[in-house]
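A quick write-up on the structure given underneath.
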Amino acid sequence: MNPHVDFHAFAPEIVLTVTIVAVLIADLFTDDSKLPARIAALGVLGSLVPVLTLAVDGQTRSLFGGAFVVDPFSLVLTGFFLVAGYVTLLLSFDYIGEGDYYQGEFYVLLLTSLLGMIVISSARDLISIFVALETITIPTFVLAGWRKHDTKSNEASLKYFLIGVLSSAVMLYGMSLVFGLANSTVLVDIHKYASGHTPALFAVAVFLTLVGFAFKVSAVPFHFWAPDTYEGAPTPVTAFLSVASKAGGFVALLTIVRLGFFPSGNSWQPILWVLAAASMTLGNLAALRQTNIVRMLAYSSIAQGGFILVPLAVAGDVRGNAAWQAVVIYILIYGAMNLGAFAAVIAAARRTRSAEISRLAGFGRTNPAIAVMFSVFLFSLAGIPPLAGWFAKFVMFRAVFDANTTVAVVLGVIAAVNSVIAFFYYSGVVRRLWFDEPAAGVELSSPRLPVGLSAAMGLMTAVILVVGVYPQFFARLGEIAFQRG
Amino acid sequence: MTVVLFFIFGALTIGGALGVVLARNPVHSALFLVLTLVSVAVLFLLQDAQLVAAVQIIVYAGAIVVLFLFVIMLLGVDQTEPFAEPLRFQRPVALALGAILLAEVLLLAGHRWATGAKTARGVGITGGAFGSNIQRVARVLFTTFLWPFEITAVLLVIAVIGAVVLARRSAQTPDSESESAPRSGS
């Protein structure tokens with residue numbers, strides 16, 4: 001008896017896997033260093049095609065007894081991951097091309113991590129989710145240590161590796177307990193089990209599983225690896241880690257909570273509440289004190305992760321899909337903002353040769369184009385209308401007030417206070433960009449920006465402006481994601 | 001027959017374990033560990049757990065002991081380790097913990113697990129349409145869990161590539177062509 005395999009449903013994954021193999025082989029047989037990069041970019045765009053055909057087809061496809069499901073939710077997120085992966089490739093072309101790096105392998109590892117992400121958006125059982133999470137993280141261990149002669153990069157890689165392995169072990173232990181109790185790894189069956197009376201052990205299992213995810217999405221108090229890893233890794237890899245790989249963790253967390261643990265609210269809501277409140281507060285307070293722009297963005301992304309957790313933490317009291325939609329919309333907007341911000345950091349570092357915030361002084365006078373886009377990304381992260389960030393915050397607060405319980409409102413107040421704190425350090429950088437005298441020693445005239453980098457920044461700015469002015473675009477994507485297909 | 005085999009390999013397991021602790025030469029300790037692991041594999045076979053037995057030999061006796069031997073060889077065998085114990089209370093604590101573990105195993109045998117499943121006393125998975133448990137595992141692996149299985153294949157390739165990238169010395173010099181020629185986006 002053969003299992004039923006619907007190849008159309010797997011088409012995005014298949015295209016991407018073929019691309020990975022093609023890049024590997026092309027790198028072996030050619031000296032042309034640009035060829036692997038071109039194949040990689042083409043392959044990522046190529047895998048968007050089957051996503052579109054599946055979306056037009058609009059049919060929900062469920063394979064392997066519900067372990068792999070192609071529905072609007074998975075398609076929206078697969079599309080998001082592929083676009084984010086493509087933008088990361090745009091950022092990487094010149095950064096990787098100019099250093100003493102192995103190029104082909106870089107793209108192979110990046111694409112494999114991307115493969116893990118698109119697998120995770122359709123994964124609906126514990127084993128697929130776990131394997132996909134490992135496919136996301138294991139290539140990034142190597143990518144973080146790509147600058148082999150830099151001790152900071154080595155440290156970044158090693159810290160990330162040790163914490164990653166530890167968190168996987170904790171998560172797997174939790175998942176094994178869930179499996180032992182529910183007698184199934186498929187989320188739908190776990191949902192059924194959680195609807196009934198569950199023993200205390202189930203809460204322990206849920207706790208361990210969520211702690212594993214908290215490491216992956218660098219939520220406080222499991223965040224301490226993130227700033228060091230972000231600082232040491234090559235900046236395009238940092239952009240990828242902070243956006244795509246973090247979003248991968250959130251998507252898995254959303255799936256597992258929504259489809260698996262949901263009925264047993266007492267076991268997961270308090271944990272997520274604490275994680276959300278701690279991540280927002282500690283992330284923002286630590287970001288205030290940073291002098292290095294990459295470390296500041298690292299803490300800011302921890303805080304943003306806290307904001308993403310807010311709707312999840314109150315989801316049990318929100319009727320309908322508003323909370324889940326808020327998470328997806330926040331992830332989409334956060335992706336655009338943070339990729340843009342890191343693109344601007346890379347562009348600025350090409351001029352200043354440093355990641356210190358003080359070196360950015362007066363950047364608005366010497367490089368107005370980069371400075372304008374940089375300010376757009378920072379203000380959007382702070383959540384100022386009419387930039388896309390405000391809408392992300394808006395859907396988050398709407399979910400909190402839909403829930404309308406005391407704990408939810410307390411969390412909402414914490415989030416509001418934190419939005420104000422966050423405004424200080426984002427605007428501090430912007431003030432340095434525009435109102436300070438240029439620092440001595442900054443190159444004023446330097447070679448033109450690479451096309452890939454400019455394209456990435458321009459694209460992200462456009463997305464942020466369009467979504468900020470016309471938020472229905474992403475709101476609609478959020479609605480579509482949770483429609484019954 | 002099975003009882004005789006059980007006692008023979010049970011004795012070998014314990015003998016090997018004692019050998020690991022008592023041998024002066026670390027290489028001999030590692031080889032005694034192989035003896036213990038293989039004997040445990042036979043004990044698994046007696047319980048009709050063929051898959052676990054095979055995994056026990058492939059993973060533990062094959063991979064892990066070889067890794068131990070590599071480390072021992074790299075560190076050098078001739079170095080005599082002083083046997084003075086830095087922590088004096090170590091030995092009594094180890095004995096106590098061992099006794100607790102034994103008591104726990106005896107207590108749990110035949111009990112219900114927290115998950116509700118009953119512990120099996122040497123009951124092999126027999127009967128049904130598909131024979132032995134290796135066939136069953138294979139069947140599940142290539143039907144229900146085919147997708148994670150395939151993704152794991154990609155993951156293993158990546159592990160090899162990552163290891164090569166990290167281990168290889170970079171002999172390349174930085175490309176000098178990239179400064180002048182800006183690249184197209186795709």
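Quick note on labels: first sequence line is chain A, next is B, and so on, each numbered from 1. We use all heavy atoms of the structure for the numbers below, so side chains are in, but hydrogens, waters and symmetry mates are not.
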Chain B heavy atoms under 4.5 Å from [X]: which part of the residue, side chain, backbone, both or neither?
| X | answer |
| --- | --- |
| S157(A) | neither |
| L24(A) | side chain |
| S454(A) | neither |
| N183(A) | neither |
| L115(A) | side chain |
| S128(A) | both |

Looking at [atom1] of [X] and [atom2] of [Y], how far apart are the two atoms once the value is rounded to the nearest 0.5 Å?
| X | Y | atom1 | atom2 | answer |
| --- | --- | --- | --- | --- |
| L146(B) | L63(A) | CG | CG | 10.0 Å |
| I151(B) | E134(A) | CD1 | CD | 13.0 Å |
| T152(B) | F130(A) | OG1 | CZ | 9.5 Å |

Note to self: So for atom CZ, which belongs to F161(A), do other residues, nucleotides or ligands contribute more than 12 heavy atoms lying within a distance under 6.0 Å?
What the structure shows: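 No.
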
Note to self: As a quick check of understanding, evaluate side chain to side chain contact (heavy atoms under 4.5 Å, CB included) for V165(B) and F106(A), giving each step before the final call.
What the structure shows: CA-CA 9 Å; V165(B) 166; F106(A) 179 88; over 6 Å; no

Residues of residues 155-162 of chain B with a heavy atom under 4.5 Å from any heavy atom of chain A, in residue-number order, are L155(B), I158(B), I161(B), G162(B)

Turns out that what part of F149(B) lies under 4.5 Å from chain A's heavy atoms comes down to neither

Problem - Minimum heavy-atom distance T143(B)-F64(A), with the two atoms named - result: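 That would be O-CD2, 3.4 Å.
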
**Message:** Ring-plane angle category for W147(B) and F10(A), please: parallel below 30°, perpendicular beyond 60°, tilted otherwise.
**Reply:**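 Plane angle between 30° and 60°, so tilted.
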
